[in-house]
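Scroll down for the structure; my scribbles are underneath it.
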Amino acid sequence: MIKKNKSTLILALVLIVASIGSLFIGVIDVSTSGLLAGNTDEIKVFLVSRVPRLMAILCTGFGMSVAGLIMQQLCMNKFVSPTTGATISSAQFGILIALLFFDKSTLWGRAVFAFTFAILGTWIFVFFIQRMQFKDVVMVPLVGIMFGNVIGGITNFLAYKYEMTQALSTWLVGHFSMVLKGRYEILYLTVPLLILAFVFSNHFNIVGMGKDFSKNLGLPYNFVMFMGLTIAAMITASIVVVVGSISYIGLIIPNIVAMLKGDKIRGTLIDTALFGAIFVLVCDMIGRIVIAPYELPIELIIGILGSILFVVMLLYRLKNGRNSIQIENMHFLKLFRKKEGQRNE
C-alpha cells in the first residue's frame, strides 16, 4: 500500500516543506522566534497576509490542475485546459459585465457573473468540438484558443470603450500580492468541487471513452459531461475572480502526471492536485525572491516555465501520446468489465 502511494506521499511531503518555507518569504521579516515571542506586528503580517496567501496558492494549484485534468478527459484531448478551452476568457468577460452594469457589486457578485459566463463559454466550446468531423489532437485546442481570443477581443473592446481597462487589468494577469484576509475566501469553493470531482472520477473516465460506450454501460453521458465541465468552469472562475488569469497549470500538470502514472483520473487526481500546488508555490516563491523587495507576477514565472514544459510535452504527446492513451484506456476497460462481471455473479 505504501509502495503504491509512494509518489503521493513524496509530493505531500514536498508540499508541506515548501508551504512552511513560503510563510517566511516576503518584504517584511517574519521569524519563528518573533511569532513565539508574541511580536504583534509579525503575528499580524503572518495571519493577515502570509497564511491567506498560502491558502490561495494551494487552492489555485489544486483547482487549476484538477480542472485541466477533468476537461482533458471529457474532451478526449490532452491539449484541452481552462486556458485553451476559453474558460478563463469567459470568466474575465463575466467579471467585466459585472463591472459595467453592476459597478457596486461585491466580490461575490462578480463571482456569480464569472461562474455563469465561464460555464456558458466552456459548454459552447465543447458544443463546437463535438460537431467537428476531424478531431485532430492539435486542432481541438486551436479552436479553443481562437474562440477564447474572440471572447478576449470583445472583452478588451468593451473595456476600452467604457474606460474600464485599468479596472479589468487586475483579472488579466494573475498575482497573489493582493491576497489578504477577507479577500480570498471564495477560493474555498474549490474544496467541495474537488471532492465532487474525486467522487465522480470513474464516471469521467467512462465518458472520456465516448458517447456510445457510456450509453452501453447505462451512464447518462450528457449529464456527466455537463457536470464535469461545470465543476471545471466553477473552479476556474473562482480562481480568476480572486487571483486573476493563471495559464498553463491546467494544461501541463495533468500531462506530466499522466506520463508517469497513466490517464485514469481516480489514480492520478490526488497526485495532479499536489503537483499543481507545488508548481504554483515554487513559481510564487521565485517571483518573490528574484527582484526582492519587489515582486514579479506569478503569471510571468508560470508563462516562462510553462511554455518550455509545453513544448517538451507537445513533442512527447505527438510522438507517444495516442498509444499511451489507448493502452491506459484498455486497461481501465478490462478492470471495469471485471468488476461488472463480479457484480452480476
Side-chain angles (χ1 to χ4, degrees), residues 4-5 8 62-63 65-82 84-85 87 119 122-132 135-137 140-141 144 192-236 250-251 253-273 276 317 320-345:
K4 183 179 179 181
N5 298 316
T8 305
F62 292 151
S65 55
V66 171
L69 177 64
I70 294 172
M71 292 183 69
Q72 289 172 11
Q73 185 66 31
L74 294 179
C75 297
M76 295 180 284
N77 191 296
K78 286 299 178 181
F79 295 132
V80 174
S81 71
T84 58
T87 308
I119 293 170
T122 306
W123 285 354
I124 293 172
F125 164 70
V126 174
F127 178 82
F128 284 157
I129 65 172
Q130 284 183 336
R131 279 149 183 79
M132 289 174 57
K135 297 182 181 179
D136 186 79
V137 67
V140 171
L193 292 172
L194 291 174
I195 295 173
L196 196 63
F198 183 80
V199 171
F200 288 95
S201 56
N202 282 336
H203 293 74
F204 297 152
N205 258 117
I206 296 172
V207 168
M209 294 181 189
K211 188 173 184 178
D212 294 335
F213 181 79
S214 302
K215 288 187 174 181
N216 289 337
L217 294 177
L219 196 69
Y221 176 85
N222 291 328
F223 174 76
V224 175
M225 171 69 76
F226 287 123
M227 180 183 64
L229 294 176
T230 301
I231 291 173
M234 290 188 67
I235 289 174
T236 304
L251 178 62
I253 300 299
N255 277 280
I256 293 175
V257 176
M259 290 177 189
L260 301 175
K261 296 197 67 175
D263 291 284
K264 185 181 177 183
I265 291 185
R266 180 61 66 89
T268 60
L269 190 144
I270 296 177
D271 283 8
T272 300
R317 279 293 180 186
N320 305 311
R322 293 175 181 173
N323 294 333
S324 64
I325 293 172
Q326 290 174 356
I327 293 172
E328 184 62 31
N329 282 344
M330 288 300 296
H331 177 65
F332 176 79
L333 178 58
K334 290 179 181 178
L335 290 177
F336 187 83
R337 285 177 174 172
K338 183 178 180 181
K339 290 181 180 179
E340 285 296 312
Q342 291 174 350
R343 289 179 183 177
N344 293 333
E345 292 176 0

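Bear in mind the structure is a predicted one, so any value in this text is a computation, not a measurement.
- Using modelled atom types, one side-chain atom of Asn255 and one backbone atom of Lys78 make a donor-acceptor pair closer than 3.5 Å.
- Interatomic distance, CE of Met259 versus OG1 of Thr268, reported as 13.0 Å (0.5 Å rounding).
- The nearest pair of heavy atoms linking Val140 to Phe125 is O-CE1, 3.8 Å.
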Validation: residues 213-235 side-chain donor-acceptor distances under 3.5 Å, sequence neighbours left out:
| from | atom 1 | to | atom 2 | distance (Å) |
| --- | --- | --- | --- | --- |
| Ser214 | OG | Ile206 | O | 3.3 |
| Ser214 | OG | Gly210 | O | 2.8 |
| Asn216 | ND2 | Asp212 | O | 3.2 |
| Thr230 | OG1 | Phe226 | O | 2.6 |

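- Interatomic distance, Ile256 CD1 to Ile253 CD1, rounded to the nearest 0.5 Å: 5.0 Å.
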Criterion side-chain contact (heavy atoms from CB on, under 4.5 Å) on Lys261 and Thr8, from CA distance to verdict:
CA-CA 11 Å; Lys261 296 197 67 175; Thr8 305; 4.2 Å; yes
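- No donor-acceptor pair under 3.5 Å is formed between the side chain of Asp271 and the backbone N or O of Gly267.
- Nearest heavy-atom pair, Pro254 versus Gln72, reported as atom, atom and distance to 0.1 Å: CB-OE1, 3.5 Å.
- Side-chain contact between Phe204 and Ile70 is present, with heavy atoms from C-beta onward closer than 4.5 Å.
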Go through the steps for Ile265 and Leu69 under the test side-chain contact (heavy atoms from CB on, under 4.5 Å), then give the verdict.
CA-CA 8 Å; Ile265 291 185; Leu69 177 64; 4.1 Å; yes
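- Applying the side-chain hydrogen bond (donor to acceptor under 3.5 Å, both in side chains) criterion to Ser65, with sequence neighbours excluded, gives no partner residue.
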Walk me through whether Asn77 and Met71 qualify under side-chain contact (heavy atoms from CB on, under 4.5 Å).
CA-CA 8 Å; Asn77 191 296; Met71 292 183 69; over 6 Å; no
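- Between Ala67 and Thr236 the shortest heavy-atom distance is CB-OG1, 3.9 Å.
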